[in-house]
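Notes to accompany the following structure.
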Amino acid sequence: MLFVKFIVLLLLFFIVVSLFAGLYFLVKDKGHTKRTVNALTLRIGLSLLAIAVILIAAATGVIELNSNPFLKSG
């Protein structure tokens, strides 16, 4: 379970790095290269991978998702 959380945190870190890289390339290149698009495409791919890892871990029971706070039990 700790390994899955570490993987998700690592993916979130790389998502933030890719986001700021896209911002840097946007300001630096002024739209003359495709580095901004590549950085943001990588961010979208990493986000989808993080969602897939969370869903697979929840489906297999490795992690437990929070229950709905609006449903009262008991």
Side-chain angles (χ1 to χ4, degrees):
M1 180 167 76
L2 186 62
F3 183 69
V4 173
K5 290 180 182 180
F6 177 73
I7 295 289
V8 171
L9 283 176
L10 195 64
L11 283 170
L12 290 176
F13 173 75
F14 284 123
I15 289 168
V16 171
V17 168
S18 177
L19 181 65
F20 282 105
L23 176 66
Y24 174 76
F25 294 144
L26 180 67
V27 172
K28 179 85 171 158
D29 296 340
K30 295 182 172 71
H32 296 295
T33 65
K34 291 188 175 184
R35 294 194 301 178
T36 303
V37 174
N38 291 339
L40 296 179
T41 301
L42 178 65
R43 182 181 62 90
I44 291 171
L46 290 173
S47 299
L48 290 175
L49 181 63
I51 291 170
V53 167
I54 291 170
L55 289 177
I56 291 171
T60 57
V62 174
I63 61 172
E64 186 175 324
L65 299 177
N66 289 337
S67 63
N68 190 344
F70 298 113
L71 297 177
K72 295 202 177 217
S73 59

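Everything quoted here is computed from the prediction, not taken from an experiment. Starting from 1, each residue takes its place in the sequence as its number.
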Donor-acceptor list for residues 37-54 side chains, cut-off 3.5 Å, not counting sequence neighbours:
residue: Asn38; atom: ND2; partner: Lys34; partner atom: O; Å: 3.3
residue: Thr41; atom: OG1; partner: Val37; partner atom: O; Å: 2.7
residue: Ser47; atom: OG; partner: Arg43; partner atom: O; Å: 2.9

With sequence neighbours excluded, residues passing side chain to side chain contact (heavy atoms under 4.5 Å, CB included) with Val16: Phe20
Phe25: hydrophobic cluster co-members (side-chain, 4.5 Å): Tyr24
Tell me who clusters with Ile56, hydrophobic residues only, linked when side chains sit under 4.5 Å apart either directly or through other members. none
From Leu2 atom CG to Ile63 atom CD1, the distance as rounded to the nearest 0.5 Å: 12.0 Å
Assigning hydrophobic clusters by single linkage (Ile, Leu, Val, Met, Phe, Trp, Tyr; side-chain heavy-atom cutoff under 4.5 Å), is Phe3 placed with Leu12? yes
When clusters are formed by joining ILVMFWY residues with side-chain heavy atoms under 4.5 Å apart, either directly or through shared neighbours, do Phe14 and Leu19 land in the same one? no
